[in-house]
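Quick note: numbers below take in every heavy atom, side chains included, and nothing from hydrogens, waters or symmetry partners. Numbering of residues begins at 1 and proceeds along the displayed sequence. Just so it is clear, the model here is predicted, and its values are computed rather than measured. Just follow the structure's listing: the first ligand is 1, and inside any ligand the first atom is 1.
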Amino acid sequence: MENPAKKLTVASEILGTGMCVPDRVVSNEHFAAYLETSDEWIRERTGIVERRWCDEVTSASALAEPACRDAIKAAGLTAADIDGIVLGTVTPDNIFPSTACYLQSRLGIQSGYAMDVNAVCSGFVYALTTADALIRAGQGTNVLVVGVDIYSRIIDPNDRGTCVLFGDGAGAVVLSRKKGDKLVDGAFGDHMVEGDVRDISGIYGSELRADGRYADLLCVPMGTAHPPTPESLQRGDHFLKMQGREVFKFAVRSLADVTKNVLDKAGVAIEEVDHFVSHQANKRILLSMAKHLGVSEDKVPINVDKYGNTSAATIPIVLAECERSGRIKKGDLVLLSAVGGGFSWGAVLVRW
Ligand code: UT7
């Protein structure tokens, strides 16, 4: 039987990773000191031990800048080589322009494009898929893909069901067109289709999903449709609201489904995947996902204990840490998956 993986087209690959978290460590005791909660409850129900929070003035673009500089350096490039920025965030510097534009200016880049993607905790998976599609469409050779969020600004400090979960952080990768890639029928992405692509580094496939019927289960209500008024501010509509239990159930199901779909489309067996790098919201979600997929927990990197849920930043932070520690090595097959507000969810299969 023909190997279905041979039909894959690979247009782009990850050349460098970077991350940045604020210096300030916030322990579980911080919350136990003023709320009805405990270190024990938070550890048992979420796996979180501590998280990092920014000071009051650091913006998302400022937090992302060092992560991007690291990623660009690790890719063996300079900022001048970057043709575009695709940045996932829901805690932008301003309503507009995009945080990506502020970041572009901080990095001293004056050419190419810059845009934000709002897919909440799925922001990085959405941004990476967008960047791969842009490269296939001939829009640039080196694209900076960023996930950054500062949830310490949007959590209600008195809601114990949410405030203990989130941290601030940034992660980035440089996604580059594969050398030797050719234009075929007006689009890039015909790299080595002749041979077995299983040993070629790059993005093998992805799937993005959303279901807006669940929008209100995880949201910040305030916005242009619900502008701030003394009453809405009093209600705390500017803070994140979440039906945690519903999100939990949906997360396990959707992460497992989308993972299987991406592997099926790529013709790759689940046993071939070396690492399941999934959104770090809750250790129990990650372990349930592993169980649903029937994969060993050893293949699921976890750092939610150190950083909490950093939303769009969790996946690139895990990638940067795993690459630096040697856990993810050249040639490894990595399945990225995330789920978040919207609901939005998605997965990307990458050969390192
Ligand atoms: O990034 C994507 C978006 N976010 C997520 O993926 C988060 C998904 N959800 C979760 O991780 C979990 O649902 C939570 C950690 C938010 C909650 O854990 P749970 O095991 O689902 O708890 P629960 O919501 O069912 O609540 C159980 C009890 C409730 O008390 P009662 O009603 O049984 O008396 C809560 O009020 O735990 C209570 N509770 C807490 N108790 C101590 C909720 N938060 C806390 C807390 N400390 N921090």
Legend entry - For ligand 1, the residues whose heavy atoms come within less than 4.0 Å (ordered by chain, then number): E36, T37, W41, R45, T46, C121, R160, G161, V164, L165, L218, M242, G244, R245, V247, F248, H279, A281, N282, R284, I285, N309, V339

Inset, instruction - Identify the two heavy atoms, one from D298 and one from R327, that lie closest to each other, and give their separation to 0.1 Å. - result: O-NH2, 2.8 Å

Inset, instruction - Verify whether one side chain among S152 and R52 offers a donor that lies under 3.5 Å from an acceptor in the other. - result: no

Legend entry - Test item: Y113 side-chain N/O and Q139 main-chain N/O as donor-acceptor pair under 3.5 Å: yes

Inset, instruction - For Q280 and N303, indicate whether the former's side chain and the latter's backbone hold a donor-acceptor pair under 3.5 Å. - result: yes

Legend entry - From S27 atom OG to R51 atom CZ, the distance as rounded to the nearest 0.5 Å: 7.5 Å

Inset, instruction - Scan D149, D168, T89 and name whichever one has a side-chain hydrogen bond (donor to acceptor under 3.5 Å, both in side chains) with S311. - result: D149

